[in-house]
Amino acid sequence: MGISPVGLLALLGWLMPRSNGFHVVGYLPEWRFGWEAERWEEACEHTTHLILFSIEVEHDGSLAEIERFPSADQIKLVQAAAVKHNTKILVCFGGNSRSRGFSSVVASDALIEKFLGNLRDFLQEYQLDGVDYNWEYPQSEKDWRGLSKLVKYTKQRLECEVTVAYYPDSRQEMIIKHLGIYESADLIHSMSYDAVPGKHSTFKLAKKTVKQWQEARLPIEKLCLGLPFYARHVKTGDWKAYYDIYLDNTPLSPKKNFVKNYYYNGPDMIRKKVFAALKAGLGGVMIWEVGQDISKAKYGKDSLLGTITNTIKAFEENEANEARWQEELGARDIIDRDDL
């Protein structure tokens, strides 16, 4: 007999007041920037924040790899869709193998100020709402203290949206707390995926992410739970986009999270995680990356972005009636028993 999501969350102690605002933050890397207007529209329709990934910090405080940023024609499409759907557009600095300049810059107040001057000009030129720092990863106490200063100064000097990504290993949460990084960041995104070999982004990992955040006594309303829109091979770690998994295995049950040795988060798992985040009072969810989804306009209910939007709407509509919500979700067995 299946356990309802409400019952499961109650057992876990996740039933806490949720925040007034729930954010859906999506990363989008440069290899998607050639999208037609319709895809930008769809991305902005289902997100509150779209993070353009990524350019880099150079050792001297200048901005590097700017050619990865959308072209003049592309940014017009981004801005039009963002204005229409009231979506905030941020630029990301960093990422895996893209974080080379952080350590040098944050070690010097002068270089931080130089970088922030360059960043201010960049945000104004492209009419962006803010910045996301995705340093993978600070290697020393000096690095972490420098990152804390960078986040603080960015918020103070530029008065823009500032978000930060981290890996939920319990150590990083304690550092974020101790150095007060959370105080200046608007949202902090957990990269709750890539736990390989094995099933790389289970509900267990989502629960662990929230528990570690709470144990560090960090404000729950600033945490965004990371959701993968891709699969990883349970043995090799190789990845495939959700759209490849879906199109190569149609018809694909929304209950499935595992096919041909690839583990992914299907619509029902995404629904379960979003529901859990809503009930826990999280600041929202973060997606890597929205371009790996299938088009909602073409494939409807199997779209992961559409699933997130529909879950939020249903939750808000039924928040005053827990019994009805439990009955609706309980009618479908969405519990991955390998995750319990």
List the atom of [X], the atom of [Y], and the distance in Å for their closest heavy-atom pair.
| X | Y | value |
| --- | --- | --- |
| T154 | L150 | OG1-O, 2.6 Å |
| S62 | D60 | OG-OD1, 2.6 Å |
| G291 | L28 | N-CD1, 3.7 Å |
| P138 | D143 | CB-CB, 3.6 Å |
| T47 | G26 | CG2-N, 4.3 Å |
| L223 | L282 | O-CB, 3.5 Å |

So, do [X] and [Y] sit near enough that their side-chain heavy atoms are less than 4.5 Å apart?
| X | Y | answer |
| --- | --- | --- |
| I89 | Y126 | no |
| L227 | V274 | yes |
| T163 | V131 | no |
| M286 | H23 | no |
| Y193 | F229 | no |
| L218 | I176 | yes |
| P267 | T307 | yes |
| I181 | W144 | yes |

Treat each ILVMFWY residue as a node, draw an edge where side-chain heavy atoms are under 4.5 Å apart, and state whether [X] and [Y] are in one component.
| X | Y | answer |
| --- | --- | --- |
| L205 | I188 | no |
| W239 | F53 | yes |
| W35 | Y242 | yes |
| I270 | V24 | yes |
| Y243 | L305 | yes |

No-hydrogen, no-angle side-chain donor-acceptor test under 3.5 Å, [X] and [Y]:
| X | Y | result |
| --- | --- | --- |
| H46 | T309 | yes |
| T209 | S190 | no |
| D302 | Y246 | yes |
| S201 | K273 | yes |

Looking at [Y], is its backbone amide N or carbonyl O close enough to the side chain of [X] to form a donor-acceptor pair, meaning the two atoms are under 3.5 Å apart?
| X | Y | result |
| --- | --- | --- |
| Y299 | D293 | no |
| N310 | G306 | yes |
| K272 | F203 | no |
| T87 | C44 | yes |

Rounded to the nearest 0.5 Å, how far apart are [atom1] of [X] and [atom2] of [Y]?
| X | Y | atom1 | atom2 | value |
| --- | --- | --- | --- | --- |
| H49 | L90 | NE2 | CG | 6.0 Å |
| S192 | K207 | OG | NZ | 13.5 Å |
| L128 | F69 | CG | CZ | 4.5 Å |
| T311 | L278 | OG1 | CG | 8.0 Å |
| N265 | Y230 | CG | OH | 9.5 Å |
| R271 | I308 | CZ | CD1 | 11.0 Å |

Practice problem: Return each pair, listed once, that meets salt bridge (Lys or Arg N to Asp or Glu O under 4.0 Å) where at least one residue sits in residues 148-169; pairs must be two or more places apart or across chains. | Solution: K88-E161, D109-K149, E113-R157, K155-D186
Self-check item: Short N-O contact, R68 and E56, less than 4.0 angstrom
Solution: yes
Quiz item: Partners of A297 by side-chain contact (heavy atoms from CB on, under 4.5 Å), sequence neighbours excluded?
Solution: E42, S295
Quiz item: Between Y262 and H233, does the ring centre distance come in under 6.0 Å?
Solution: yes
Quiz prompt | Test of ring centre spacing under 6.0 Å for Y133 and H189 | solution = no
Side-chain atoms of residues 116-125: list all donor-acceptor pairs with protein atoms under 3.5 Å, sequence neighbours left out, distances to 0.1 Å.
residue, atom, partner, partner atom, Å
N118, ND2, G61, O, 2.9
N118, ND2, K114, O, 3.3

Practice problem: Take D238 and T236, measure what side chain to side chain donor-acceptor pair (under 3.5 Å) needs, and give me the verdict at the end. | Solution: CA-CA 5 Å; D238 292 341; T236 67; 3.3 Å; yes
Quiz item: Within a reach of under 6.0 Å around CD of E36, are more than 12 heavy atoms found that belong to other residues, nucleotides or ligands?
Solution: no
Practice problem: Under the salt bridge (charged side-chain N to carboxylate O under 4.0 Å, His left out) rule, what do R232 and D194 come out as? Steps first, then yes or no, please. | Solution: CA-CA 8 Å; R232 282 203 181 274; D194 290 348; 2.6 Å; yes
Contacts table for residues 91-98: side-chain donor-acceptor under 3.5 angstrom, sequence neighbours left out:
residue, atom, partner, partner atom, Å
R98, NH1, E30, OE1, 3.1
R98, NH1, S54, OG, 3.1
R98, NH2, E30, OE2, 2.7

Self-check item: Residue list, ring pair (Phe, Tyr, Trp, His ring centres under 6.0 Å) with H59, at least two apart or on another chain
Solution: none
Quiz prompt | Test log, rule salt bridge (charged side-chain N to carboxylate O under 4.0 Å, His left out), inputs E173 and K177 | solution = CA-CA 6 Å; E173 290 91 336; K177 172 67 174 181; over 6 Å; no
Quiz item: Step by step, would you call L50 with V290 a side chain to side chain contact (heavy atoms under 4.5 Å, CB included)?
Solution: CA-CA 9 Å; L50 194 62; V290 296; 4.1 Å; yes
Quiz prompt | Parallel, tilted or perpendicular: rings of Y263 and F258 (30°, 60°) | solution = tilted
Quiz item: Does the side chain to side chain contact (heavy atoms under 4.5 Å, CB included) test come out yes or no for I75 and L52, once each step is laid out?
Solution: CA-CA 10 Å; I75 203 67; L52 304 178; 4.2 Å; yes
Exercise. Would you check, one step at a time, whether the test salt bridge (charged side-chain N to carboxylate O under 4.0 Å, His left out) holds for E58 with R100?
Key: CA-CA 7 Å; E58 195 52 270; R100 67 178 185 268; 2.9 Å; yes
Exercise. Kindly indicate, with the supporting measurements, whether the criterion salt bridge (charged side-chain N to carboxylate O under 4.0 Å, His left out) is fulfilled by R32 and E289.
Key: CA-CA 10 Å; R32 308 288 183 197; E289 46 95 0; 2.7 Å; yes
Quiz item: Quick one: ring-ring contact (aromatic ring centres under 6.0 Å, His included) pairs with a partner in residues 151-185, sequence neighbours left out?
Solution: Y166-W213
Quiz item: Can V106 and L111 be said to form a side chain to side chain contact (heavy atoms under 4.5 Å, CB included), step by step?
Solution: CA-CA 7 Å; V106 302; L111 287 178; over 6 Å; no
